[in-house]
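Letters A, B, ... are given to chains in the order of the sequence lines, protein chains preceding strands, and every chain is numbered from 1.
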Amino acid sequence: MRQREHRALPRSFYARPALAVAPELLGRLLVRDGPRGRVAGRIVEVEAYEGERDPASHAYRGPTPRNEVMFGEPGHLYVYFTYGMHYCLNVVCDVAERASAVLVRALDPELGIETMRRRRGGIAETSRLARGPGCVAQALGLDRRHNGLDLTKGPVWIARAAPERGGRRIVRGPRIGIRVAVDRRWRFLLAGHPAVSGPKPR
DNA sequence: GGTAAGATCCGCT
DNA sequence: GCGGATCTTACCT
């Protein structure tokens with residue numbers, strides 16, 4: 001990896017509404033340096049959650065021990081456990097009171113692919129290694145221990161280098177797996193990308 | 001102290 | 001398309 005890709009996005013990038021940050025994350029490299037070396041993937045699918053004014057957000061009913069990271073400084077990682085089995089990764093955005101965040105739903109694996117494959121139980125297809133939010137956390141080897149981590153300092157960060165989207169368009173659709181605010185089309189993805197999970201809006 | 005639902009995934013039908 | 005796995009969280013009494 002070239003030197004400029006090592007640099008993390010600055011906090012100012014995150015200090016805006018999640019709805020503005022979300023599409024700009026597409027095509028950027030999410031990197032983790034861990035015990036099994038460096039792994040990284042291009043972000044190809046995200047969802048915006050607009051905090052206390054968004055009924056689908058964990059922050060909707062105010063601060064709790066679980067969601068307190070969302071009410072903190074932007075540019076931190078919010079990791080939560082769900083369905084008794086899975087972890088999901090979010091990037092905290094906007095000013096602290098707003099408690100908004102972007103859920104990372106899918107990556108196109110780029111570095112450390114064999115490490116991701118091991119963590120994912122040996123799945124052959126690379127495009128399935130980090131397809132879906134639970135799979136993203138598993139492929140990167142992240143869990144509750146990484147909750148609250150500062151993305152401007154590492155060992156997990158998003159590279160500052162310009163997004164690479166392979167000429168694919170950004171499209172949007174309704175968020176997945178929620179039962180309220182389904183009319184808000186706050187899911188963003190790279191059109192036709194094989195690593196995108198769920199339904200594929202055009 | 002009890003309970004219901006959950007920003008999911010995978011395998012089976 | 002459906003259901004099981006598995007357990008935390010939040011909200012209720």
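- Remark: A/Arg175 qualifies as a cation-pi partner of A/Tyr49 under the 6.0 Å distance and 45° angle criteria applied to the six-membered ring.
- The distance from atom CG of A/Leu89 to atom P of B/dC9 is 11 Å, rounded to the nearest whole Å.
- For A/Arg179, no side-chain nitrogen or oxygen approaches OP1 or OP2 of B/dA5 to under 4.0 Å.
- If you check B/dG1 for Watson-Crick or wobble pairing at under 3.5 angstrom, you find it paired to C/dC12.
- Here A/Arg184 does not pair with A/Glu50 in a salt bridge; the nearest charged N to carboxylate O distance is not below 4.0 Å.
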Each nucleotide in nucleotides 2-13 of chain C should get exactly one letter: B, S or -. Can you fill that in based on protein heavy atoms under 4.0 Å?
---BBBSSSS--
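- When each of A/Arg128 and A/Tyr80 is assigned the nucleotide of DNA chain B with its nearest heavy atom, A/Tyr80 is the one assigned upstream, toward the 5' end.
- Within a heavy-atom distance below 4.0 Å of DNA chain B, the residues of residues 129-141 of chain A found are A/Gly132, A/Pro133, A/Gly134, A/Cys135.
- Comparing the same atom, P, in C/dG3 and in B/dA5 gives a spacing of 16 Å after rounding to whole Å.
- The closest side-chain donor-acceptor pair between A/His146 and A/Tyr87, if any, does not fall under 3.5 angstrom.
- Going from atom CD1 of A/Ile176 over to atom P of B/dG6 covers 16 Å, rounded to whole Å.
- Side-chain contact of A/Arg120 with A/Gln138: a donor-acceptor pair under 3.5 Å is present, judged by distance alone.
- Here CD1 of A/Ile158 is found 8.5 Å from CZ of A/Arg28. Values are rounded to the nearest 0.5 Å.
- Residue contacts for A/Ile178: at a heavy-atom cut-off of 4.0 Å it reaches the sugar-phosphate backbone alone, with no base atom in range.
- Following rounding to the nearest Å, A/Tyr60 (OH) and B/dG6 (P) show an atom-to-atom distance of 15 Å.
- Tested against A/Leu149, the residues A/Val69, A/Leu142, A/Leu77, A/Leu89 include a single side-chain contact (heavy atoms from CB on, under 4.5 Å) partner, A/Leu77.
- DNA chain B lies under 4.0 Å from at least one heavy atom of each of the following residues of residues 118-125 of chain A: A/Arg120.
- Judged by a 6.0 Å distance limit and a 45° cone about the ring axis, A/Arg16 is not positioned over the six-membered ring of A/Tyr14.
- For the residue pair A/Ser57/A/Glu52, the side-chain donor-acceptor check at 3.5 Å is not satisfied.
- Geometrically, A/Arg144 engages A/Phe81 in a cation-pi contact defined by less than 6.0 Å to the ring centre and at most 45° from the axis.
- Summarising the base pairing, C/dG3 is matched to B/dC10 through a Watson-Crick or G-U wobble pair whose two defining distances lie under 3.5 Å.
- For the residue pair A/Arg105 / A/Ser197, a side-chain donor-acceptor distance below 3.5 Å is found, with atom types taken as modelled.
- Inspection of the A/Arg36 and A/Thr115 side chains reveals no N or O donor paired with an N or O acceptor under 3.5 Å.
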